[in-house]
2 protein chains.
Amino acid sequence: MLINSQGKLSHVDLKVTFPLTTNNMRVACSQCNLRELCLAVGLDDDDLHKLDDLVTKRKLKRGQQLYRAGDAFEAIYAIRTGFFKTDILTEEGLEQVTGFQMAGEIIGMDGISNEHHVCNATALEDSEVCIMPYDQLEDLSRSIKSLQQQFHKIMSREIVRDQSLMILLGSMRAEERIAAFLLNLSQRMHMRGYSASEFHLRMTREEIGSYLGLKLETVSRAFSKFHDEGLIGVQQKYIRILNADGLRALLNHTPS
Amino acid sequence: MLINSQGKLSHVDLKVTFPLTTNNMRVACSQCNLRELCLAVGLDDDDLHKLDDLVTKRKLKRGQQLYRAGDAFEAIYAIRTGFFKTDILTEEGLEQVTGFQMAGEIIGMDGISNEHHVCNATALEDSEVCIMPYDQLEDLSRSIKSLQQQFHKIMSREIVRDQSLMILLGSMRAEERIAAFLLNLSQRMHMRGYSASEFHLRMTREEIGSYLGLKLETVSRAFSKFHDEGLIGVQQKYIRILNADGLRALLNHTPS
DNA sequence: CAAAAACGTTGATGTTGATCAATTCGCAGG
DNA sequence: CCTGCGAATTGATCAACATCAACGTTTTTG
């Protein structure tokens, strides 16, 4: 029951140790310390247990896809551990990354409108997700007002997030985009109890570039420049933020 | 009751005549011939009347704002007639247009996540909207499953729309963006029973540029070029699509 | 462990679209 | 009707980023 039909539950050591009580295969929203980020915000114990009943989970190894563009839409997913990217294949066959998602974030809502997913979701490290079958979630959210409200907020947050990215893509220059990207990652790491000032990038320069509308060389050059200016430390995928205010200053500074 | 407190209901002749039974101030979803685009999709008569009960309407003259960034979020809006833009003021004080909306489209959902709007919505011509108070809509959608489903689909559609724009901004070149923009407008006009091949732009070159991440001069040059190539006719804001396939060819052609 | 593949950095050059600037067009108000 | 102002067009120049290319480093795989 707990194992999704697509899930090959190979037992892997998760590379990222996450402060989560992983009591062996069984996951309850009521026990999850991500619940303040997730759909469970504001539910009382009774309602939490109803939510528990419809959630199962699935592990993915690095590189595995959670869903693909064109797949029938069946569920939305809450990331428990790990790191994902979502991307779309454009007409011309180029992939464009539309987002990077981490623990506590919900993905898959793009599929609601057509009953099919429009993007791919790929694990960038060994990961684990909660599967929330959509029709059951809809039913439950008709009977639990605070679940309904939280679900709507999460969808709206996705709309607002996408709009921020539109602004970034439409009006920022390369270095501003990259500074914004690093600060955003830093802040999201911090919210999850990790260091805001040092972390490992899970994605390649090319994926960052695709996300930010830049070429990988431009990303690499910006990293090197920030490094030379003492704003960040860069060793491959290991990043240290040395001067967050300096990065922020790049954003406000309107040189055009 | 029908008149929103902010609405100064000056009686204006709507410039756009729309095939709608405007029986004087009172609007029923059950009578509206936009209902197939709107929230009312799939509701039976009984449910339609419940929706009618919570909807009021408001007229706006060209240039008036429906809501502003920072306003408390109270309702979402269905456009009955007219044309809107939504935009955000960036940190540096530049406006960036995030969308153009026409009859049958729903706006304001950005406000759900924080209980405040994050963008401005401005009428680009004399317009009329249906006001749907959000808390009442939430309540009603808990009791009407098909209303709930339709609402979720509309939010999801907004997410998908934003992602298409991200792809446009992240991976297309100037002329591709403008071709895509014209084809998109054309198709939406067509869906609403207008000509797909000729229409008036309601926005300036600068607003188009802002939306597409380009400068107004670039927009103007692309229009002129398309004109010279016989793809479109341009006389100020009056546009004719002369060779839609030619425009589409610009999109698939991957010169990079 | 060795070889290959993927990833990343850096330099030289080219193209796209931004910027600066001049002019025209169209419309609203005195 | 003229005036003034916002909008649009067009040209000349420039800067930012892409492209092409070479090389170094890390990771994967047989």
Side-chain angles (χ1 to χ4, degrees), chain A residues 15 61-64 85 92 94-97 122 124-126 168-179 181 200-229 232-239 250 253-256, chain B residues 15 61-63 85 92 94-97 124-125 168-181 200-229 232-239 250 253-256:
Chain A
K15 278 184 183 165
K61 302 194 84 164
R62 183 154 73 92
Q64 268 194 306
K85 73 169 175 185
E92 299 96 48
L94 308 167
E95 89 152 41
Q96 167 138 1
V97 174
T122 309
L124 294 183
E125 64 182 24
D126 293 355
L168 180 144
L169 292 169
S171 71
M172 290 186 179
R173 306 215 274 62
E175 288 176 15
E176 298 177 279
R177 296 183 199 190
I178 290 163
F181 170 76
H200 277 274
L201 299 177
R202 300 302 171 179
M203 70 297 280
T204 66
R205 305 288 193 261
E206 185 167 24
E207 287 165 333
I208 297 172
S210 170
Y211 179 60
L212 299 177
L214 302 169
K215 291 295 159 185
L216 67 95
E217 293 95 329
T218 306
V219 175
S220 181
R221 277 185 243 272
F223 279 0
S224 299
K225 179 149 182 270
F226 291 171
H227 182 95
D228 294 348
E229 292 169 348
I232 63 176
V234 185
Q235 284 167 276
Q236 301 290 126
K237 297 198 155 149
Y238 172 62
I239 300 285
L250 288 178
H253 228 270
T254 164
S256 67
Chain B
K15 279 184 184 166
K61 303 194 84 164
R62 182 155 72 92
K85 72 169 176 184
E92 298 96 48
L94 309 167
E95 89 152 40
Q96 167 139 359
V97 174
L124 293 183
E125 64 182 25
L168 180 144
L169 292 169
S171 71
M172 289 186 180
R173 305 214 274 58
E175 287 176 15
E176 298 178 277
R177 296 185 198 190
I178 291 164
F181 170 75
H200 276 274
L201 298 177
R202 301 300 172 181
M203 70 297 279
T204 66
R205 304 287 192 263
E206 186 166 24
E207 287 165 332
I208 297 171
S210 170
Y211 179 60
L212 299 177
L214 301 169
K215 291 295 160 183
L216 67 95
E217 294 94 328
T218 306
V219 175
S220 181
R221 276 185 244 272
F223 279 0
S224 299
K225 179 150 181 269
F226 291 171
H227 182 95
D228 293 347
E229 293 168 348
I232 63 174
V234 185
Q235 285 168 276
Q236 301 290 126
K237 298 199 155 148
Y238 173 61
I239 302 284
L250 288 178
H253 227 272
T254 163
S256 67

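First the proteins, then the strands, lettered A, B, ... as listed; each starts at 1.
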Just to be sure I understand the rule, does B/Lys237 reach a base, reach only the sugar-phosphate, or reach nothing, if contact means heavy atoms closer than 4.0 Å?
sugar-phosphate
Nearest to the side chain of B/Arg205, which nucleotide is it out of C/dT9, D/dA7, D/dT9?
D/dT9
Just so I know, are the side chains of [X] and [Y] near enough to count as touching, which here means a heavy-atom distance under 4.5 Å?
| X | Y | answer |
| --- | --- | --- |
| B/Glu207 | B/Leu216 | no |
| B/Leu212 | B/Thr218 | no |
| B/Lys85 | B/Met203 | no |
| A/Leu214 | A/Phe181 | no |
| A/Ile239 | A/Phe226 | no |

Under the 3.5 angstrom rule, does the side chain of A/Ser210 hit a backbone N or O of A/Glu206 as a donor-acceptor pair?
no
Note down the inter-axis angle between the two ends of the helix from C/dC1-D/dG30 to C/dG30-D/dC1, five pairs each, to the nearest 10°.
50°
Determine, for nucleotides 10-17 of chain D in 5'-to-3' order, which nucleotides have protein heavy atoms under 4.0 Å from the base (write B), from only the sugar-phosphate (write S), or from neither (write -).
BBB----S
Counting neighbours of CD on A/Glu95 that are heavy atoms of other residues, nucleotides or ligands and sit closer than 6.0 Å, is the number greater than 12?
yes
In this structure, how many angstroms lie between the P atom of C/dG8 and the OH atom of A/Tyr238, rounded?
17 Å
Taking atom NZ of B/Lys237 and atom CZ of B/Arg205, what is their separation to the nearest 0.5 Å?
7.5 Å
